[in-house]
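Lettering of chains follows the sequences in order, A, B, ..., and the numbering in each one begins at 1. Computation of the quantities below employed the complete heavy-atom set of this structure, encompassing side-chain atoms and omitting hydrogens, waters and symmetry-equivalent molecules.
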Amino acid sequence: MPNLIALIDCDNFYASCERVFDPSLKNKPVVVLSNNDGCIVARSQEVKDLGIKMGSPYFKEKALLARHNAAVFSSNYELYGDMSERVMATLRTLYSDVETYSIDEAFVKIPDVSNIEELCSQTVSKVKKWTGIPVKVGVSITKTLAKVAAETVKQRKLKDRYFVIKDIAHKDDILSRFAVGDVWGIGRATSAKLAKIAVKSALDLTRLDDSDIKRQFGIVLLRTAWELRGNPCLDMELDPEPQKNLCYSRSFSHTITKFEELKESIIAYASSAAEKLRARRLIASSLTVFINTSYFDSTAPTYANSTTVSLPYEANSTKLIVNSAVDALSKIYRKGYNYKKSGIILNDLTSEELQQPSLFDYKNPKDDKISAVMDLINKKYGKGSIRLAGSGFDNDWKMSRNHLSKRYTSDWNELLDIKP
DNA sequence: TCTGGGGTCCTAGGACCC
DNA sequence: TCTGGGGTCCTAGGACCC
């Protein structure tokens, strides 16, 4: 028999965590909100049944939730992290190879046992008993197929909370009824492109020609297709590398128009980022600052820009990180002013304005000059609302944002002792 | 009035070096 | 004077995940 992999996935994780600590919430609708209580980031089944979407802004759903007497929580990441560790620890009592894939999911290697169903059932009940968290289990011969199996538990609302895809005939039957867009690794863009060539089910994808997939979609989708056919391309990662980026981003709750105010926020966020670095025993070699106008304001022109600076040495000190962040912010202004193509707002400055020399000596900041630029922008476009980050779920803005935080690299090594 | 905050990987093109 | 190819690094952008 081929090696089997299981995906263990916690149900409505954050909402379930809150329930563990307040059993009276059983069968009651529960939602958990994002950091500044802006969006709904977790929903119990009752809330899903009300038709409330993941990521929906809280203010839009507030009345509906109140009518159904829902319990509403601000997020408590310490609690969820702790509960996650308990779930993983429980899994390690049952399996020798456990890969923590995310805060609420793990892949495990299924040992050579005669009764897989029995083991799945035991997993579901043991995690529930030991931690209070309900989970579902999907089993198959590749990670992607294990994901399909777990998703099948959800879609079919299976009472046993596990599903096993073993043989080829069984697999193809499942995949023929599984939407290609629901496959792990296939998002909105790819499924739209696949629909155009009449690929609707996961099975359809497995029947495409390898070279066509590679040419039209790239290596990533080819791997997914292989995995769906039952050829493993994704290994278990039992000894993960240290993380490569660390991002600290927040939206403002109100409009920011003054450079000084922006700078204060950058300082606060950079210092939080430095704290996070040290807490995780990481050091950074470079740092990126990015700013955005509000994504949701469709009436105002949008502006987004960023700058990456190299740190003089790999470090995690608050002082260095904060100073570098302020440098980077200053550079954004200078860049935005000097480069025609760098943003819609600054694009429209007159040639005379563009010809002015660099506005900012960032070693010796002259904030009045920056304010002058902001005033210029505000005069042209009304109140410019500059936001740090912004928000949105898998929207275009977010895509383009991703690389902006990329340069925040870090490394373990014995360099940990470097702490100027 | 109010719209999250994290991460990873892949690819194309240009600069630069030999 | 003209022409070449290989390699690396960086930037920018796109796609996906939870």
Using whole Å, what does the distance between atom C1' of nucleotide B:dG6 and atom OH of A:Tyr80 come to? 15 Å
Rounded to the Å, how far apart are A:Phe107 CZ and C:dC18 C1'? 12 Å
Side chain of A:Asp104 (C-beta onward), nearest among C:dC16, B:dG6, C:dC18: C:dC18
Can a side chain N or O of A:Arg280 be found less than 4.0 Å away from OP1 or OP2 on B:dG6? no
How is A:Thr190 classified with respect to the nucleic acid when contacts are heavy atoms under 4.0 Å: base, sugar-phosphate, or nothing? sugar-phosphate
Taking only side-chain N and O atoms of A:Asn245, does any of them lie within less than 4.0 angstrom of OP1 or OP2 on B:dG6? no
Side chain of A:Trp184 - closest among B:dT8, B:dT11, C:dC18: C:dC18
Taking A:Ser75 for its side chain and A:Leu33 for its backbone only, find out whether a donor-acceptor pair lies under 3.5 Å. yes
C:dC18 to B:dC2 separation - C1' atoms, rounded to the nearest Å: 25 Å
Heavy atoms from C-beta onward define the side chain here; which of C:dC17, B:dT3, B:dG6 lies closest to that of A:Lys147? C:dC17
Salt bridge or not for A:Asp212 and A:Arg215, using N-O below 4.0 Å? yes
NA contact type, A:Ile103, heavy-atom cut-off 4.0 Å: base, sugar-phosphate, or nothing? nothing
Okay, side chain of A:Thr190, backbone of A:Ile186: is any donor-acceptor separation there less than 3.5 Å? no
So what does A:Gly218 hit on the nucleic acid, given a heavy-atom distance under 4.0 Å: a base, only sugar-phosphate, or nothing? nothing
Can you figure out which of B:dG7, B:dC10, C:dC18 approaches the side chain of A:Gln243 most closely? B:dG7
A:Leu246, nearest nucleotide to its side chain (from B:dT3, B:dC10, B:dG7): B:dG7
What interatomic distance, in whole Å, is found between P of C:dC17 and the corresponding atom of B:dT3? 26 Å
Side chain of A:Phe59 only, heavy atoms from C-beta on: which candidate in B:dC2, C:dC18, B:dG6 is closest? B:dC2
Contact class for A:Tyr58 (heavy atom, under 4.0 Å): base, sugar-phosphate, or nothing? nothing
So does A:Lys193 get a side-chain nitrogen or oxygen closer than 4.0 Å to the phosphate oxygens (OP1/OP2) of C:dA15? no
Would A:Arg177 and A:Asp172 pass as an ion pair if we require N to O under 4.0 Å? no
Under 3.5 Å for both donor-acceptor distances, Watson-Crick or wobble: does C:dA12 have a partner, and if so which one? B:dT11
Using the rule salt bridge (Lys or Arg N to Asp or Glu O under 4.0 Å), only one of A:Lys154, A:Arg43, A:Arg161 pairs with A:Asp11; which is it? A:Arg161
Sugar-phosphate, base or nothing in reach of A:Asp37, heavy atoms under 4.0 Å: nothing
Is the cationic atom of A:Lys276 (NZ for Lys, CZ for Arg) positioned less than 6.0 Å from the six-membered ring centroid of A:Tyr248 and within 45 degrees of its normal? no
Whole angstrom is fine here: how far is it from CG in A:Leu234 over to P in B:dC10? 10 Å
Taking CD from A:Glu151 and C1' from C:dC17, how many angstroms apart are they, rounded to a whole number? 14 Å
Ignoring the backbone of A:Pro57, work out which of C:dC18, B:dG6, B:dT3 is nearest its side chain. B:dT3
Touch class at under 4.0 angstrom, heavy-atom based, for A:Lys276 against every strand present: sugar-phosphate
From CG of A:Leu33 over to C1' of B:dT3, roughly how many Å is that when rounded to an integer? 12 Å
Under 4.0 angstrom, heavy atoms only, what part of the nucleic acid is A:Val32 near: base, sugar-phosphate, or nothing? nothing
Closest approach to the side chain of A:Lys214, judged atom by atom: which nucleotide of B:dT3, B:dT11, B:dG6 is it? B:dT11
What nucleotide, of B:dT8, B:dG6, B:dC10, holds the atom closest to the side chain of A:Tyr248? B:dG6
Would you say A:Arg223 reaches B:dC9's phosphate, i.e. side-chain N/O to OP1/OP2 under 4.0 Å? no
Shortest side-chain distance from A:Ser102, nucleotide among C:dA15, B:dT11, C:dC18: C:dC18
Hey, is A:Lys143 close enough to A:Glu105 for a salt bridge, meaning N to O under 4.0 Å? no
